[in-house]
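As structure tokens, the structure follows; a few thoughts come after it.
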Protein chains: 2
Amino acid sequence: RCSEHSLEVGSCISLSQQVCSPELLSLSLTRRGLPKEKMSENGLMSRAKVLTIDTMNPTVKKVEYAVRGPIVQRAVELERELSEGMKKPFVEVIRANIGDAHAMGQQPITFFRQVLALCSYPELLNDSTFPEDAKSRAHRILQSCGGNSMGSYSASQGIDSVRQDVARYIERRDGGVSCDPDDIYLTTGASDGIVTMLKLLMCGEGAARTGVMISIPQYPLYSAALAELGAVQINYYLNEENCWSLDITELQRALDEARLHCNPRALCIINPGNPTGQVQSRECIEDVIRFAAKERLFLMADEVYQDNVYADGCQFHSFKKVLFEMGPEYSNTVELASFHSTSKCYMGECGFRGGYMEIINMDDDVKAQLTKLVSVRLCPPVPGQALMDLVVNPPQPGEPSYDNFIKERTATLSVLAEKAKLTEQVLNTVQGISCNPVQGAMYSFPRITIPKKAIEEDKGQQPDMFYCMKMLEETGICLVPGSGFGQKEGTYHFRMTILPPTDKLQILLNKVKEFHQKFTQQYS
Amino acid sequence: RCSEHSLEVGSCISLSQQVCSPELLSLSLTRRGLPKEKMSENGLMSRAKVLTIDTMNPTVKKVEYAVRGPIVQRAVELERELSEGMKKPFVEVIRANIGDAHAMGQQPITFFRQVLALCSYPELLNDSTFPEDAKSRAHRILQSCGGNSMGSYSASQGIDSVRQDVARYIERRDGGVSCDPDDIYLTTGASDGIVTMLKLLMCGEGAARTGVMISIPQYPLYSAALAELGAVQINYYLNEENCWSLDITELQRALDEARLHCNPRALCIINPGNPTGQVQSRECIEDVIRFAAKERLFLMADEVYQDNVYADGCQFHSFKKVLFEMGPEYSNTVELASFHSTSKCYMGECGFRGGYMEIINMDDDVKAQLTKLVSVRLCPPVPGQALMDLVVNPPQPGEPSYDNFIKERTATLSVLAEKAKLTEQVLNTVQGISCNPVQGAMYSFPRITIPKKAIEEDKGQQPDMFYCMKMLEETGICLVPGSGFGQKEGTYHFRMTILPPTDKLQILLNKVKEFHQKFTQQYS
């Protein structure tokens, strides 16, 4: 029996030569009385590729990643067509699909780039136009690098001095709760750390297969990673009616149901939220910790948007801090991994792939395995590690670069806050669009009403994909349909970033409004 | 039945609370008449961690990576002890375990670092001390980045213009054989591309499980990745007696035997070789291609040392070039992935994690899956992509930086060639050490005779680990035992790099000689 196709071996050959092994193929041919040599003559053997859609990794085929999925591929085509002079109903494609701040015009922090330049080309340490604090940071970083060069591999867990700086940052951020640098792993963006942790948790088959809880809507790295690893994705629904709040009753429902068919072992939470933008209350975070403790779940806190908090009354509460403030019953027992990145907040340095994870209460033997696992890929990119060092160890009062640093950071964050408010306001003026407050992060995830006639128009794709594709073709605006993130059955959304420059964002929002009105009318 | 422990559920609880699921645990307790509440009271539930050595990913536990394994951990400890003033038989630890050129004092290429500085901090484009060719390269790279910033995510396959430059480099290198930029994927070091390709190839269970052929000795990324993916590692032995040549009869033997118990689908070859340093002849490469074609194997050519060729009469022959020169019967059919990196050659820029792979003759549908898979991790680090761009598009005759570039590149490569020769020479003067010519790459892998008494001394570890650990403790020299790479049964080796500065290398080699003589005497 061909295990890949679940067919009798003799039938396999009829699958247009896409068989899993030459053995089975030749076995099949022999059974049919066809000699191998004849097969070569009629070219059968020479035509079949080794690696085909049927013989490739089946879990990879299940992976989807909407943020760079089909709608973005179409946007890229449209950009190409525009640049070739083809006439369109728009003059430019506006990419509001991905949380890439610099691509939308946000400026890097001057100090960070000065230090990176000094680290890249240390001759510049003799250049008087660079401020002293940038030089001393660069010097410190380079001293921690083999041969004083960013071109050396670092320790696999990350440069020691950077991990120490990260630990001190965490202690300052968390009001003194202590942090052991040995619990810090630098990573290639936060995605790397998240995937590594999920990989460690994979264990068991069938009814004992690892299940991982994730919010719906979620950032599709999680669904993609779980699909690739063959884990069970356990969806818990955020409450759209209550500003995307997380209700413990819903966590319990999801968990109890999941226990019937898999082995739930971890709970992932993104706070501030992506795509939903909510900033969870401290009470909520305590509830989640209590739930994880009671139900014995490994907690994974994705906190990459920790500086992106805009709404009055909202505040970022780190899971680590809350955990420790809940006392030893929790802080000694709950296993927690929290993730941060250089890609978001006020830095927007996505391309450098900087990140870290802090690992709390991990079993020592497992930690040794984790350390071993990360050693195989040698180390995260050193420029990203250097950047993370600057993020956690920025200019201090009294240092030459301090004023400008504060000015740039404040400007960036306040502009984001304005755009968050603008987005919510404009979208809520549209009949058929309903937008929760963008309390934090970089996105809005408004709910859209799609007329029945439009839902029936194209049964081949999700209605919100149909909607977003039409929007793209008619306005040049590239958003990502809610189906790429997950949503309650029968509801539709899209995710747009709040990143375009304010004037362009205003235009984008007006075009979205116009489009929605036109679309609604067209399909009414 | 507890699937993880293959035990009757009732027995599971005796495994000191390390059970796979709370369900089974409570079921077990119920069967034993213990109420769940009692379990909480005696603290059982609160003590067991969610993630333990028994409940973690079993394939991760099988992963080993000797290059950063136990001997290196001991070297790090010794460095710490030295720095704390502890007295040792040596004044410094010499790390000859890893192919990290900059860590051992090799200098980066000035031009490359100038361009990286310009890209990091574009203000420097106004700085007259930077040469024009560096500025124009930087300008071109930045124009290809979103928002003209290295902080933007690039396209997931890599920056377009860089992929075009890579394609042109390949065409020049391969005497005009054409290269489609769409076949180029930029990667986070070569390791990333290699693991991605192996992942795609994984398919099938039991007797149909994917098997991958790899040379023994090999670079342990391959064994680690195959272990983690759950693939079958199919060892083919290089011929030590013939300068680590690759014999087709040995490939055939390994393949035929493997077919009895798995589904061999790919053949990996490292040329120039790591750890063995051989540079395969053109004839050998043709033979391998013919073998892969005949036996329907996906060919993976790890060519990261392509500029590191030292021995007279040796030359790097790219698999792509040879494939196409063998005519359409092969060039139209053999599926090939070849890998390159910014970490080796004359650049030594390991920390930047730059790399690419060229994919030849891949099925279109699989290629679309590959493109989708790499999109989940967004993109490789942009500084590494920029660096790769410079490697494939270096200063040209007539450009301001050309002379210095050639001078630096030539100096680095010729020093490596001298050190390759020195290493071979000195080691071959030692009775009981036998070193093949270091024809290329960055390592020597000499065979060592270990006295029987030493083999029996510590049955708990591999004899060559015992040998290397002793060498480390007595001389401070950190090498990696051959068992970390694979070797013929009953033979022992170590891998050392040729990277320390020449004077230090000389000292290292003399110490190795002394140690070996002493060790042999001690255990005779």
Side-chain angles (χ1 to χ4, degrees), chain A residues 3-4 20-23 46 49-53 55-57 60 63 65 68 100 102-103 105 108 113-114 116-117 120-121 146-147 149-153 156 191 199-200 202-205 208 224 259 263 265 296 298 333 335 348-351 353 363 365-366 369 373 375-377 381-383, chain B residues 3-4 20-23 46 49-53 55-57 60 63 65 68 100 102-103 105 108 113-114 116-117 120-121 146-147 149-153 156 191 199-200 202-205 208 224 259 263 265 296 298 333 335 348-351 353 363 365-366 369 373 375-377 381-383:
Chain A
S3 57
E4 200 43 34
C20 289
S21 86
E23 288 177 283
S46 63
K49 285 196 192 283
V50 177
L51 185 55
T52 67
I53 200 77
T55 63
M56 70 171 277
N57 189 323
V60 168
V63 166
Y65 183 68
R68 283 208 151 167
D100 187 343
H102 290 199
R113 294 306 194 86
Q114 287 175 328
L116 286 169
S120 300
Y121 188 52
S149 167
M150 284 216 291
S152 285
Y153 289 121
S156 301
S191 300
K199 191 183 287 189
L200 278 185
M202 289 302 303
C203 181
E205 308 272 326
R259 284 216 163 107
N263 181 15
R265 308 189 65 216
R296 290 187 73 246
F298 193 108
T333 61
E335 291 149 74
E349 298 282 13
C350 308
R353 315 315 284 112
D363 175 275
D365 292 335
V366 177
Q369 292 288 323
L373 182 62
S375 79
V376 179
R377 300 296 290 274
V382 173
Chain B
S3 56
E4 198 46 34
C20 288
S21 86
E23 287 177 282
S46 63
K49 286 196 190 283
V50 177
L51 185 55
T52 67
I53 200 78
T55 64
M56 69 170 278
N57 189 324
V60 168
V63 167
Y65 183 67
R68 283 206 150 167
D100 187 344
H102 290 199
R113 294 308 194 86
Q114 287 174 329
L116 285 169
S120 300
Y121 188 53
S149 165
M150 284 215 291
S152 285
Y153 290 121
S156 300
S191 300
K199 191 182 287 187
L200 278 186
M202 288 303 303
C203 179
E205 309 272 326
R259 283 214 164 109
N263 179 15
R265 306 189 67 215
R296 288 188 72 246
F298 193 107
T333 60
E335 291 148 75
E349 299 282 13
C350 309
R353 317 313 284 112
D363 175 275
D365 293 336
V366 176
Q369 292 288 323
L373 181 63
S375 79
V376 179
R377 299 297 291 274
V382 173

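To find a chain, count down the sequence lines: A is the first, B the second, and so on, and within it residues start at 1.
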- [ ] Give the member of G147(A), C350(A), A224(A) that has the highest number of heavy-atom pairs under 4.5 Å with chain B.
- [x] C350(A)
- [ ] Name the option with the most non-hydrogen atom pairs under 4.5 Å to chain A; the candidates are S375(B), G151(B), P383(B), A117(B).
- [x] G151(B)
Task: Short side-chain to backbone donor-acceptor contact, T55(A) and T52(A), under 3.5 Å - done: yes
Task: Side-chain donor/acceptor of R296(A) to backbone N/O of K49(B), under 3.5 Å - done: yes
TODO: Identify which part of L373(B) has an atom lying under 4.5 Å from any heavy atom of chain A, answering side chain, backbone, both or neither.
DONE: side chain
TODO: Among P381(B), S152(B), G146(B), single out the residue with the greatest number of heavy-atom pairs under 4.5 Å to chain A.
DONE: S152(B)
Open item on the list: Taking F298(A)'s backbone N and O only, do any of them form a donor-acceptor pair with R265(A)'s side chain (distance below 3.5 Å, no angle check)?
Closed with: no
Task: Smallest separation among heavy atoms of D100(A) and Y153(B), with atom names - done: OD2-N, 2.8 Å
Open item on the list: Between E335(B) and chain A, with a heavy-atom cut-off of 4.5 Å, which part of the residue counts as in contact: side chain, backbone, both or neither?
Closed with: side chain
Open item on the list: Please enumerate all residues that pass side chain to side chain donor-acceptor pair (under 3.5 Å) together with S149(B), with sequence neighbours excluded.
Closed with: H102(A), R113(A)
